[in-house]
Amino acid sequence: MELFRETTKIVKYETAKEFVMESSMTKEDFLLCSRSVFDRYFKEYEPKACVHFKDEYGSGEPTDVMIEKLRADFEKSGCKRIIAVGGGAIIDMAKILVTGIPQTADAVSIFKKEVEITKKYPLIAVPATCGAGSEVSSVSIMEATSLHTKLGLADPALFPDKAVLIPELLRELPYFFFATSAIDALIHAMESYVSPKANLYTEMFSEKAIDLLIRGFLRMTAEGKEARMEMLDEFLTASNLAGIAFANAGTGAVHAMSYPLSGTYHVTHGEANYQFLTAVFQTYQTCRPNGKIRQLTKMLGNVLGCREEDVFKKLEELLSGIIPRKPLREYGMKEEEIRSFSVSVQESQKRLLGQSYIWFTKEQMEDIYRSLY
């Protein structure tokens, strides 16, 4: 049984300039980037690449429509290497390009693995947020617009060949995206820690990521939000560690339950996950208190300085100080969707539910949606 895999080479540069100078970009490089990050950090160094911006394809999280447009541009470019600079959405979109699958197969069929997934082109992934961890995972997520939910594709072919960490890229990240992405990294670390697929190797990465993130949040609440500017390297590193953990052990019910919300109401990935974090883990603790959840609560209690039984209440208070969590109704969710969302998760997110600490029933998910509504 395979315990651990990390095929992505991880490098770090202090500045974008160092990366551009050493990556030797040519016209055969397809550079997918957010326009703001490119203009702020890369434009002045005139990278010799075929540059495309995410907003050419649409806004928000990746959809099948956006990915189809991107695949068409990549095919026309004739490029031989892909460089993705941005958040998880950009890196997830770029991962589909590495397969070189012709457009006779649409994005939905790729994500449903109705076609063979192989790697044809190398990918360099450069995160510009501190949450997704997509730069070291073999997972890509997109919204299937016809299905009104998200689909996840997990395949070793999607591992980036190189992950490039540049703390400078987080310097101008708007606070909302910093906060929700960092909380998303915490969710990755916590979910992978209690996953049935977790082992000693993945736990080491989860534990260090949790420690770095919680201590960073505690410092921000004590010293103010601007304290994050002195910890960009730590937050980026923690996100990367959490990404390695979930790439091997997987995420679970928090992600599964967030997908109908983000797919229907276009809530950003990190924000949608945040809505369900403590409610899901409190349910874990109630249903199976003597398993791996006990190790997690002990670890969190040590970092948070509280009793194990108060861990998730204390965590909720801490994260509310970083960014408040909204009731689900404020996103437009309707009360009748409590049931339909639960059914949708049960039917379409079996991969994630199978990686959860416990397998959630439809009734348990309805209880969680209702409590957060």
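- For the salt bridge (charged side-chain N to carboxylate O under 4.0 Å, His left out) with Asp161, the lone residue among Arg81, Lys119, Lys95 that qualifies is Lys119.
- The environment of Arg219 atom CZ is dense: over 12 non-hydrogen atoms of other residues, nucleotides or ligands sit within 6.0 angstrom.
- Annotation for Glu75: atom CD counts as buried by contact number, over 12 foreign heavy atoms lying within 6.0 Å.
- No donor-acceptor pair closer than 3.5 Å links the side chain of Lys162 to the backbone N or O of Pro122.
- A donor-acceptor pair is defined here as one N or O able to donate and one able to accept, closer than 3.5 Å; such a pair exists between the side chain of Glu191 and the backbone of Val254.
- In this structure Tyr357 satisfies the ring-ring contact (aromatic ring centres under 6.0 Å, His included) test together with Tyr284, sequence neighbours excluded.
- Counting only N and O atoms by type, the side chains of Asp184 and Ser181 include no donor and acceptor under 3.5 Å apart.
- Within the 4.5 Å cutoff, side-chain heavy atoms of Leu70 are placed close to those of Leu32.
- By the ring-ring contact (aromatic ring centres under 6.0 Å, His included) test, Phe178 is found to be paired with Phe235, residues two or more places apart in sequence or in another chain being considered.
- The distance between the ring centers of Tyr41 and Phe19 does not fall below 6.0 angstrom.
- Taking the centre of each ring, Phe341 and Tyr259 stay at or above the 6.0 Å mark.
- The residues Arg307 and Asp310 are annotated as salt-bridged, a charged nitrogen and a carboxylate oxygen being separated by less than 4.0 angstrom.
- Side chain of Tyr274 to main chain of Ile323: a donor-acceptor pair is present (N/O by atom type, distance under 3.5 Å, no hydrogens or angles).
- Here the side chain of Asn199 pairs a donor or acceptor atom with the backbone of Thr202 at under 3.5 angstrom.
- Ring centroid separation for the pair Phe74 and Tyr121 comes in under the 6.0 Å cut-off.
- Side-chain atoms of His188 never come within 3.5 Å of backbone atoms of Ala245 as a donor-acceptor pair (strictly under, hydrogens ignored).
- Within the model, atoms CD of Glu18 and OH of Tyr45 stand 9.5 Å from one another, a figure rounded to the nearest 0.5 Å.
- A salt bridge is absent between Glu56 and Lys54; no separation between the charged side-chain nitrogens and carboxylate oxygens falls under 4.0 Å.
- At least one donor-acceptor pair closer than 3.5 Å links the side chain of Arg71 to the backbone N or O of Ile101.
- Atom CG of Leu213 and atom OG1 of Thr237 lie 10.0 Å apart (nearest 0.5 Å).
- Looking only at distances, a side-chain donor or acceptor of Glu168 sits under 3.5 Å from a matching main-chain atom of Ala16.
- Between the side chain of Gln349 and the main chain of Lys150, a donor-acceptor pair closer than 3.5 Å is present.
- The CG atom of Leu97 lies 12.0 Å from the NZ atom of Lys120; values are rounded to the nearest 0.5 Å.
- For the atom pair SG of Cys130 and CG of Leu165, the computed distance is 11.5 Å after rounding to the nearest 0.5 Å.
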